[in-house]
Amino acid sequence: IQSLLQLHIENNELQETIKQQENQFQMTLDNSNEIIYEINSEGVINYASNNWTKYLGYDIKEVLGKSYASFLHTEDLKNCITFLDRVIKTGENEGEIIYRILHKEGHYVWHETRLKLSQRNGSPFFIGNCRDITEHIEVQQKLLQQKDFYETILNNLPTDVVVFDSNHKYIYVNPIAIKNEELRKFIIGKDDFEYAQHMQRDPSIAKSRREKFLAALQKEKTSFWEETLHSEVDGITYHDRKFTPVFNDDGSFKMMIGFSVNITESKKIQQEIFKNRQLTASILQNVAVGIIVQGPQSEIFENNIAACEMLGLTENQLRGLTSFDAQWKVIHIDGSPFQPDEHPVPQAIQKLKTINNIVMGVHRPMHNDLVWLMVDAIPVFGDLNELLYVICSFNDITAQKKAEDSLKISNERFTYSSKATSDALWDWNMITDEIFVGETYSTLFGHQFENNIITGQECENFIHPEDREDYFASAEKAIN
């Protein structure tokens with residue numbers, strides 16, 4: 001009896017100890033951040049800790065006997081079933097899976113579960129502990145979204161973008177830099193020397209880039225250079241490149257960002273513009289028209305050779321002068337002096353319009369003579385309609401002016417001669433068939449002509465028909 005009593009007492013003490021341990025274990029489970037559960041091989045929940053209620057909102061009675069699958073997101077169900085089947089078939093004792101599980105309030109939360117395959121009375125079952133990783137997943141998703149966002153920008157920039165590590169190995173290349181996807185994957189983790197060898201290219205480009213990389217790294221500032229590439233497909237292409245080093249807050253190297261812009265087209269345009277400018281400059285310098293370019297204050301800052309020759313000044317003497325300088329001695333056709341503000345360029349500046357066909361007599365001190373010029377002044381305006389400069393062009397009309405003066409004198413002499421005689425004087429221009437008659441012609445014959453000019457046909461009509469044959473014979477004899 002004493003022994004039985006002793007066993008009874010010990011049994012009660014053991015039960016009390018077990019109960020205390022169970023309470024302590026339950027308190028541990030309840031105070032943890034994880035849900036402990038048990039499911040059989042069919043996925044039916046046999047046990048769930050109180051944290052199921054705490055973190056998912058369900059009463060334990062609502063969970064027990066239910067299929068775990070009924071709480072899973074439909075998109076995750078297949079992966080979870082595949083996972084459990086694999087564990088059972090392979091005999092792997094532990095595994096981990098991430099999925100979404102339905103909260104009682106109707107939304108899904110992300111869980112991460114670790115499972116352990118066990119046996120009870122020959123039947124397999126799983127013991128699992130899971131925790132809420134929703135915040136972690138959302139952070140990851142945001143990071144992925146940001147990564148996708150920035151990669152989308154980098155991948156679609158109209159410029160080459162690459163990133164290097166401290167050993168000048170590629171860690172990122174956008175599709176503009178290398179369009180071929182296989183080559184783009186190949187170059188990651190490699191440098192330009194390896195890429196040149198792979199593409200069977202001259203390594204001199206790789207050597208030049210390494211020097212630029214080291215220079216940017218050493219000086220801790222961006223390196224700039226222009227690179228010329230030769231390709232059987234694209235021919236000669238030109239690129240503006242730069243390496244920009246990026247450092248961490250503690251000053252340690254983080255990455256090197258490389259940028260490149262294909263400037264081949266702009267280079268060709270520049271070369272074409274340069275050729276055109278050379279051609280234009282050559283034409284302007286050799287054209288027989290004098291050209292001067294004057295600024296908004298009438299200052300001369302460009303001229304051609306013809307301008308120097310016509311004005312009788314050297315280029316050094318001409319540059320910097322304005323239309324207001326006292327050394328200009330310019331006269332009108334009537335001999336009166338041009339005032340400075342009457343010059344064509346000041347007039348174009350003042351009126352902001354083109355001034356045409358101004359005749360100017362310019363005294364040339366180097367030649368000690370007078371040259372007559374026909375001058376035009378054309379103002380040029382910017383995008384905001386502001387005056388940029390005035391192009392002044394002029395032709396030497398000295399010979400024409402002298403011819404006109406001689407003709408004028410000749411006409412005056414003819415007029416005075418015709419007045420001084422009673423004969424009918426006339427002058428026949430056989431090219432134009434115009435006849436200039438003296439004033440006595442009208443006195444003698446009574447005819448009045450505009451500007452004293454008649455045509456050969458009109459003159460023939462005045463002659464009596466019977467005298468015309470003798471008239472033409474006499475004229476023919478005089479001509480021959």
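As a basis for the values below, the full set of heavy atoms in this structure was taken, side chains included, without hydrogen atoms, waters or symmetry mates. Positions are given from 1, in the same order as the sequence printed here.
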Does some side-chain heavy atom of [Y] sit less than 4.5 Å from a side-chain heavy atom of [X]?
| X | Y | answer |
| --- | --- | --- |
| Val362 | Phe394 | no |
| Lys142 | Val139 | no |
| Leu183 | Met199 | yes |
| Asp192 | Phe213 | no |
| Leu217 | Met256 | yes |
| Tyr99 | Thr113 | yes |
| Ile331 | Leu370 | yes |
| Lys66 | Tyr58 | no |

For this session: Begin with the C-alpha distance, continue with both residues' side-chain angles, and end with the deciding distance and a verdict on side chain to side chain contact (heavy atoms under 4.5 Å, CB included) for Leu115 and Val87.
Result: CA-CA 9 Å; Leu115 290 174; Val87 172; 6.0 Å; no
For this session: Could you note down all residue pairs passing ring pair (Phe, Tyr, Trp, His ring centres under 6.0 Å) where residues 189-212 supplies at least one of them, sequence neighbours left out?
Result: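 Counting only pairs at least two positions apart or across chains, the ring pair (Phe, Tyr, Trp, His ring centres under 6.0 Å) contacts touching residues 189-212 are Phe186-His198.
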For this session: Could you walk me through whether Trp52 and Ile101 pass side chain to side chain contact (heavy atoms under 4.5 Å, CB included), step by step?
Result: CA-CA 11 Å; Trp52 194 291; Ile101 190 167; 4.2 Å; yes
Problem set entry | Derivation of the side chain to side chain contact (heavy atoms under 4.5 Å, CB included) call for Asn51 and Ile36 | CA-CA 8 Å; Asn51 278 349; Ile36 308 299; over 6 Å; no
Please set out all donor-acceptor pairs under 3.5 angstrom arising from side-chain atoms of residues 342-350, sequence neighbours excluded.
| from | atom 1 | to | atom 2 | distance (Å) |
| --- | --- | --- | --- | --- |
| Glu342 | OE1 | His332 | NE2 | 3.3 |
| Glu342 | OE1 | Gln339 | N | 2.9 |
| Gln347 | OE1 | Lys351 | NZ | 3.0 |
| Gln347 | NE2 | Asp341 | O | 2.8 |

Is the count of non-hydrogen atoms from other residues, nucleotides or ligands lying under 6.0 Å from [X] atom [atom1] greater than 12?
| X | atom1 | answer |
| --- | --- | --- |
| Lys190 | NZ | yes |
| Asn368 | CG | no |
| Gln197 | CD | no |
| Gln119 | CD | yes |

Donor-acceptor pair, side chain of [X] and main chain of [Y], under 3.5 angstrom:
| X | Y | answer |
| --- | --- | --- |
| Ser252 | Asn248 | no |
| Thr398 | Trp372 | yes |
| Lys207 | Pro203 | no |
| Thr228 | Tyr238 | no |
| Asn304 | Ile291 | yes |
| His239 | Arg241 | no |
| Glu105 | His103 | no |

Exercise. How would you list, by chain and number, every residue that makes a side chain to side chain contact (heavy atoms under 4.5 Å, CB included) with Asp148, sequence neighbours excluded?
Worked result: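 Checked Asp148 against side chain to side chain contact (heavy atoms under 4.5 Å, CB included); zero matches.
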For this session: Kindly assign one of parallel, tilted or perpendicular to the pair Phe71 and Tyr68, based on the angle between their ring planes and the thresholds 30° and 60°.
Result: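 Perpendicular: the ring planes of Phe71 and Tyr68 meet at over 60°.
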Problem set entry | Results of ring pair (Phe, Tyr, Trp, His ring centres under 6.0 Å) for Tyr170 - residues two or more places apart only |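 Residues passing ring pair (Phe, Tyr, Trp, His ring centres under 6.0 Å) with Tyr170: Phe164.
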Look up atom [atom1] in [X] and atom [atom2] in [Y], then write down how far apart they are to the nearest 0.5 Å.
| X | Y | atom1 | atom2 | answer |
| --- | --- | --- | --- | --- |
| Ile81 | Asp76 | CD1 | CG | 11.5 Å |
| Arg364 | Asp369 | CZ | CG | 4.0 Å |
| Asn174 | Thr159 | CG | OG1 | 7.5 Å |
| Glu272 | Ser266 | CD | OG | 13.5 Å |
| Ile178 | Arg184 | CD1 | CZ | 8.0 Å |
| Cys80 | His73 | SG | NE2 | 11.5 Å |

For this session: May I have the step-by-step check of side chain to side chain contact (heavy atoms under 4.5 Å, CB included) for His168 and Phe243, ending in yes or no?
Result: CA-CA 11 Å; His168 197 193; Phe243 279 157; 4.1 Å; yes
Distance-minimising heavy-atom pair for [X] and [Y]:
| X | Y | value |
| --- | --- | --- |
| Leu77 | Leu72 | CD1-CD1, 4.0 Å |
| Ile205 | Glu227 | CG2-OE2, 3.7 Å |
| Ala307 | Ile292 | CB-CG1, 3.9 Å |
| Phe259 | Val161 | CD2-CG2, 4.3 Å |
| Phe253 | Pro245 | CE1-CB, 4.5 Å |
| Leu56 | Leu102 | CD2-O, 4.3 Å |

How would you list all residue pairs meeting salt bridge (Lys or Arg N to Asp or Glu O under 4.0 Å) that involve [range], not counting sequence neighbours?
| range | value |
| --- | --- |
| residues 211-220 | none |
| residues 242-271 | Glu226-Lys267 |
| residues 162-172 | Lys169-Asp191, Lys169-Glu194 |
| residues 126-139 | Glu112-Arg131 |

Problem set entry | Short side-chain donor-acceptor distance under 3.5 Å, Thr244 and Thr222 |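 Side-chain D/A pair, Thr222 to Thr244: present.
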For this session: Could I get the full list of side-chain hydrogen bond (donor to acceptor under 3.5 Å, both in side chains) partners for His230, not counting sequence neighbours?
Result: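 Counting only residues at least two positions away or on another chain, His230 forms no side-chain hydrogen bond (donor to acceptor under 3.5 Å, both in side chains).
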Exercise. Does anything in residues 307-316 pair up under side chain to side chain donor-acceptor pair (under 3.5 Å), and if so which pairs, sequence neighbours excluded?
Worked result: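 Of all non-adjacent pairs touching residues 307-316, those that pass side chain to side chain donor-acceptor pair (under 3.5 Å) are Thr314-Gln317, Glu315-Arg319.
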Result block: side-chain N/O donor-acceptor pairs under 3.5 angstrom for residues 121-129, not counting sequence neighbours:
| from | atom 1 | to | atom 2 | distance (Å) |
| --- | --- | --- | --- | --- |
| Asn129 | ND2 | Glu34 | OE1 | 2.9 |

Enumerate, atom names and distances included, each donor-acceptor pair closer than 3.5 Å involving a side-chain atom of residues 376-393, sequence neighbours excluded.
| from | atom 1 | to | atom 2 | distance (Å) |
| --- | --- | --- | --- | --- |
| Asp376 | OD1 | Asn356 | ND2 | 3.3 |
| Asp376 | OD1 | Asn357 | N | 2.7 |
| Glu386 | OE1 | Leu384 | N | 3.0 |

